[in-house]
Amino acid sequence: MAGMNETPSGNRVRISFFGKRNAGKSTLVNALTGQNLSIVSDVAGTTTDPVSKAMEILPLGPCLVTDTAGLDDEGELGLERIRKSFAVLEKTDIAVLVYDCARGVRAREACETRVWDDCAKRGVPVLEFFRGDAVEALKDKLAAVSIADAQRPLAADLARPGDLVALVCPQDGSAPKGRLILPQQQVVRELLDAHAVPVVCQVEELPMALALNPALVITDSQVFGAVAATVPAGVPLTSFSVLFARAKGDLAAFCAGAAALETLKDGDKVLVSEGCTHRRQCGDIGSVKLPAWIRRKTGKDLMFAFSSGGDFPDDLSRYALVVHCGGCMLTRRAVLARIARCEAAGVPVVNYGICIAACRGIRVDPVRATVTR
């Protein structure tokens, strides 16, 4: 299957190029990637939408390089292009600011200063590239950057070498044919790297896995209730989504957001947001199951809105709660940026798995990343 051997986009370092129109961003990106990724022209505003390319920069590792539209674009469409460029900046790990002049020729303009200021607020390192600088020197600088918000461990710190870990992976109609979903794949790989012993089963086979005395049970959140009722109280239990909440976002913030389920009122609007884009099926967890579980939990007549992929609403004040996916296709910085936007709007945010647990009367410990029953 295409893409199965590639590093997931959510695990790639995001390197994004910013600057004025005709600063030379596209030429630089093409030189860095060794491909004609972006169209190069003397016409100002040739790049109208972000363009990305996956590549490897050692020793930094797998990266996603993104070219953006000029920060000084004009007109109504130009303002929209600038908005998209700064939306890219929100999920950027390393920003490269490209200048249309030689070093020291002019002072930064307002749009360039805005990039610096935004990056400073988020702790994003900024590298400068001036016309005439060497591309190889930029590669060396990129390779030397240390990423502050790199993803944390998923499960490696919860299991010791030799520990048996039971992973409950139901294969229902919404499961992809012929493979495990990405969060399950990544947790299995991390446990193998930690020299633990993952045992994968469905709910019906869980008693057999429990007979092997696992040190930890990790379940798909959709079957949290059935698994929690089966696993003995002395065996630590968590879910893939809870682990991703801890690794990709802010587990304490998500746990606090779950409390908002108790205060929802009739007519409140809930946003269900996913970091990836996929064809929704009849039993889709985001658009079908979660709304049903939340309505059943709250007993309220609620309205639901949905977003997916790179789309995340600018105006969050209209929502009483945001329910966000595990973020397996997003970087940690991107998830943290979304949490920060919710907090700035005064809107509680909760992760899928923690929300599902709360709907089942299961509380997640924000320190241990396991559940109490």
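- Under a 3.5 Å cut-off, the side chain of Arg360 and the backbone N or O of Cys355 do not form any donor-acceptor pair.
- Side-chain atoms of Thr238 come within 3.5 Å of backbone N or O of Ala369 as a donor-acceptor pair.
- In this structure, the side chain of Asp73 does not engage the main chain of Gly78 through any donor-acceptor pair within 3.5 Å.
- Counting heavy atoms from C-beta on, the side chains of Ile356 and Leu290 come closer than 4.5 Å.
- When atom types are taken as modelled, the side chain of Asp133 and the backbone of Phe130 share a donor-acceptor pair closer than 3.5 angstrom.
- Looking at Lys25, its side chain does come within 3.5 Å of a backbone N or O of Lys20 through a donor-acceptor pair.
- Side-chain contact check for Leu71 versus Ser85: some heavy-atom pair is nearer than 4.5 Å.
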(request) Could you check Thr219 against Ser239 for side-chain hydrogen bond (donor to acceptor under 3.5 Å, both in side chains), going step by step and ending with a plain yes or no? (result) CA-CA 5 Å; Thr219 182; Ser239 78; over 6 Å; no
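- Salt bridge annotation for Arg318-Asp268: absent, with no cationic side-chain nitrogen under 4.0 angstrom from a carboxylate oxygen.
- Using a 3.5 Å distance cut-off with no hydrogens or angles, the side chains of Glu128 and Tyr99 do pair a donor with an acceptor.
- Residue-environment remark: CZ (Arg108) exceeds the threshold of 12 foreign heavy atoms within 6.0 Å.
- For the pair Lys248 (side chain) and Leu330 (backbone), a donor-acceptor distance under 3.5 Å is present.
- Side chain of Arg122 to main chain of Ala337: no donor-acceptor pair is present (N/O by atom type, distance under 3.5 Å, no hydrogens or angles).
- At least one donor-acceptor pair under 3.5 Å links the side chain of Glu190 to the backbone N or O of Ala156.
- Judged by distance alone, with hydrogens and angles left aside, the side-chain atoms of Arg14 form no donor-acceptor pair with the main-chain N or O of Thr92 at under 3.5 Å.
- Judged purely by distance below 3.5 Å, without hydrogens or angles, the side chains of Thr370 and Asp365 never pair a donor atom with an acceptor atom.
- Put simply, the side chain of Gln202 gets close to the backbone of Gln171: a donor and an acceptor are under 3.5 Å apart.
- When side chains are defined from C-beta on, Leu89 counts as touching Phe18, because their heavy atoms get closer than 4.5 Å.
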